[in-house]
Amino acid sequence: QVQLVESGGGLVQAGGSLRLSCAASGRIFAIIAMGWYRQAPGKERELVATITNRGNINYADFVKGRFTISRDNAKNVVYLQMNRLKPEDSAVYLCNAEVKTNIMSPSRDYWGKGALVTVSS
């Protein structure tokens, strides 16, 4: 019903920058919040940053001052600008959206397939 497609991952040297994008499409009545999580091999999925439809933002401590999340509500797109990347930032970055598909239904979470970010030292 709802699809999330990430783009912008890749290989970058330590200290470099990447910008991830995630576009939501499908049966969308309203998007309550969008965000980014990441999962490195052998580790649990962890929150990176989230932004609500009112612009409230939450960052994980390990990205504060380096990453910036933003959102285009009209296009249902969320961005993650990642600066001063470190090798430990290497992971699959997954887009998440809390979506209502109609006015009567409760919201639920949807996930993208992920974008691989590799930071070389």
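Throughout, numbering of the chain's residues begins at 1 and tracks the sequence.
Taking CG of L47 as the reference point, atom CG of L94 lies at 11.5 Å (rounded to 0.5 Å). To the nearest 0.5 angstrom, I31 atom CD1 is 10.5 Å from Y110 atom OH. I69 contributes atom CD1, which lies 6.5 Å from atom OH of Y59 (distance to the nearest 0.5 angstrom). To the nearest 0.5 Å, atoms CG (N53) and CG (N73) are separated by 6.5 Å. Put simply, CD on E6 and CG on L116 are 11.5 Å apart, with the number rounded to the nearest 0.5 Å. We find the CD1-NZ distance between I28 and K100 to be 13.5 Å, quoted to the nearest 0.5 Å.
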Show me the donor-acceptor pairs, under 3.5 Å and distance only, between side chains in residues 7-19 and residues at least two apart or in other chains.
| unit_1 | atom_1 | unit_2 | atom_2 | d |
| --- | --- | --- | --- | --- |
| S17 | OG | N83 | OD1 | 2.9 |

Per-pair distances, 0.1 Å, donor-acceptor, side chain in residues 60-68, under 3.5 Å, sequence neighbours excluded:
| unit_1 | atom_1 | unit_2 | atom_2 | d |
| --- | --- | --- | --- | --- |
| D61 | OD1 | K64 | NZ | 3.1 |
| R66 | NH1 | R84 | O | 3.0 |
| R66 | NH1 | D89 | OD2 | 2.7 |
| R66 | NH2 | F62 | O | 2.8 |
| R66 | NH2 | D89 | OD1 | 3.0 |
| R66 | NH2 | D89 | OD2 | 3.4 |

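Membership of the apolar cluster around Y79 extends to V77, as traced through chained side-chain contacts below 4.5 Å between ILVMFWY residues.
For residues 13-121, the set of pairs meeting the disulfide bond (SG atoms under 2.5 Å apart) definition, not counting sequence neighbours, comprises C22-C95.
Note on V92 and V48: separate hydrophobic clusters, where clusters join Ile, Leu, Val, Met, Phe, Trp and Tyr whose side-chain heavy atoms are under 4.5 Å apart, directly or indirectly. The hydrophobic clustering, which links ILVMFWY residues whose side-chain heavy atoms are closer than 4.5 Å, places Y37 and L85 apart. Hydrophobic cluster membership is shared by L80 and V119, with clusters built from Ile, Leu, Val, Met, Phe, Trp and Tyr side chains linked at under 4.5 angstrom.
No side-chain donor-acceptor contact under 3.5 Å links S107 to the backbone of V99.
E46 and R38 are joined by a salt bridge, as a carboxylate oxygen and a charged side-chain nitrogen come within less than 4.0 angstrom of each other.
At a threshold of 4.5 Å between non-hydrogen side-chain atoms, the residues L20 and V117 count as touching.
Applying the side chain to side chain contact (heavy atoms under 4.5 Å, CB included) rule to N102 yields the partners M104, S105; only residues at least two apart in sequence or on another chain are considered. Contacts of K43 classified as salt bridge (charged side-chain N to carboxylate O under 4.0 Å, His left out), with partners at least two apart in sequence or in another chain: none.
Closest approach of R71 and A33 over heavy atoms only: NH1-CA, 3.6 Å. For S90 against A40, the heavy-atom pair with the smallest separation is O-CB, 3.7 Å.
Figure legend: cation-pi geometry between R27 and F29 absent, as NZ or CZ is not positioned both under 6.0 Å from the six-membered ring centre and within 45° of its axis.
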I51 and V78: CA distance, side-chain angles, deciding distance, side-chain contact (heavy atoms from CB on, under 4.5 Å) verdict: CA-CA 8 Å; I51 182 168; V78 64; 4.0 Å; yes
